[in-house]
Amino acid sequence: MRQAACALVLLLLLADSAAGPTTTDVAELRNGDRITCEIRKLERGKLTVKTDGLGTVAIEWDDVERVSSRASYDVELESGLRLFGSLERSDAGAVVVGAPPAGVRTRLREIVRIAPVGGTLWRRLDGTVDAGFSFAQANVQTDWSFNAEVRYRSRRWVSELQADSALTIREDADRQSRNTVTLKSQRLVGRRWSTLGFAQFQQNEELSLDLRALVGAGAERRLVQSNRTVMAAIGGAAWTNEQYSGEEDENVAEMVAGLTWDWFTFDGRSTNLDMGLFSFYAVNRPRVRLELNTSFKSDIVGDLYWSINLFESYNSDPPASQKRSDFGISATVGWSF
């Protein structure tokens with residue numbers, strides 16, 4: 001199994017090397033520098049390029065004066081309009097997307113995302129992995145935390161897999177664990193609009209929750225998007241199966257409403273604040289659940305970062321004698337790719 005996994009990773013890397021474009025793209029900066037490179041992507045106000053001499057370099061988008069490339073890209077504007085084509089050199093602060101005469105001229109400050117069209121599976125993936133550890137000698141307590149996120153983007157689809165895990169071990173008490181796995185897939189259907197399907201599996205010993213399995217569907221509307229922030233509203237419906245310790249399984253139909261907000265800056269070092277708040281309203285009985293997840297990340301060096309993560313789970317009507325909520329905070333160190 002391990003040999004097969006290693007072989008798969010090697011094949012992806014070789015395919016990426018063989019199929020990837022050559023360093024013939026150009027990024028011109030406001031200070032007069034001209035960088036010959038391969039344009040990888042623009043996301044969260046950061047243009048990522050690959051050069052022969054310096055390797056992979058991140059450039060603040062506000063510092064870019066012009067870009068040009070013969071490769072095809074998916075370019076998204078603040079308005080949600082998406083353009084496809086090559087990046088043709090234009091006047092200062094602008095670019096023409098698509099070859100003349102059909103190309104569309106747009107200002108660089110209006111562009112919020114650039115992604116290559118086609119390419120290998122490896123180049124379509126990005127994500128983060130981080131972990132934390134702490135030990136207290138007074139009560140012999142050990143805390144472990146782990147978070148991972150992988151995202152895949154194509155021309156019409158965005159899929160995301162998230163996993164969060166926490167474990168507390170104490171000499172004088174039972175161990176406590178909390179695990180959450182979330183899968184979400186979106187189909188882009190219009191300017192700032194997408195339909196989505198989602199599934200989530202939760203386990204939380206602090207709440208005596210053996211398993212909560214949820215599947216649902218809905219729609220998302222990006223209310224604001226720029227090179228500094230993205231805010232989106234989500235609405236939908238879900239079917240939930242809950243298994244509490246010592247209780248019979250229960251099926252619950254729920255209406256879902258959520259809000260996500262991401263704030264980010266890049267000035268030689270990335271700083272990101274991500275927040276997601278989701279509410280679940282039971283249809284067949286008076287109950288409300290809330291799920292809050294927040295993280296603050298800042299670069300250390302290269303692709304390494306440190307992060308502060310916070311979560312809150314609330315249930316207004318848990319089984320008798322069970323806790324209503326669980327709250328936690330952790331500090332981790334991670335790697336982005």
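- Looking at heavy atoms from C-beta onward, Asn309 lies out of side-chain contact with Thr294 at the 4.5 angstrom threshold.
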Start with the C-alpha gap between Arg151 and Asp126, add the side-chain angles, then the distance that decides, and say whether salt bridge (Lys or Arg N to Asp or Glu O under 4.0 Å) holds. CA-CA 5 Å; Arg151 182 168 56 251; Asp126 62 78; 2.6 Å; yes
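- Contact record, Glu76 with Arg153: OE1-NH2, 3.6 Å, taken as the closest heavy-atom pair.
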Output, in order, the C-alpha distance, side-chain angles, deciding distance and verdict of ring-ring contact (aromatic ring centres under 6.0 Å, His included) for Phe146 and Trp144. CA-CA 7 Å; Phe146 173 81; Trp144 296 87; over 10 Å; no
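- Applying the ring-ring contact (aromatic ring centres under 6.0 Å, His included) rule to pairs touching residues 172-221 yields nothing, sequence neighbours excluded.
- Trp261 is linked by a ring pair (Phe, Tyr, Trp, His ring centres under 6.0 Å) to nothing, counting only residues two or more places apart in sequence or in another chain.
- Of the N and O atoms on the side chains of Tyr73 and Arg113, not one donor lies less than 3.5 Å from an acceptor on the other residue.
- Leu292 places none of its side-chain heavy atoms less than 4.5 Å from the side chain of Phe327.
- Judged by distance alone, the side chains of Ser86 and Glu88 do bring a donor and an acceptor atom under 3.5 Å apart.
- A side-chain N or O of Tyr281 and one of Ser279 form a donor-acceptor pair less than 3.5 Å apart.
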Take Thr24 and Thr36 through the test side-chain contact (heavy atoms from CB on, under 4.5 Å) and record every step on the way to the result. CA-CA 6 Å; Thr24 57; Thr36 301; 5.7 Å; no
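- Of the N and O atoms on the side chains of Gln141 and Asp143, at least one donor lies less than 3.5 Å from an acceptor on the other residue.
- Scanning all heavy atoms of the two residues, the minimum distance from Thr182 to Gln200 falls at OG1-NE2, 3.0 Å.
- Remark: Phe296 engages Trp306 in a ring pair (Phe, Tyr, Trp, His ring centres under 6.0 Å) (not counting sequence neighbours).
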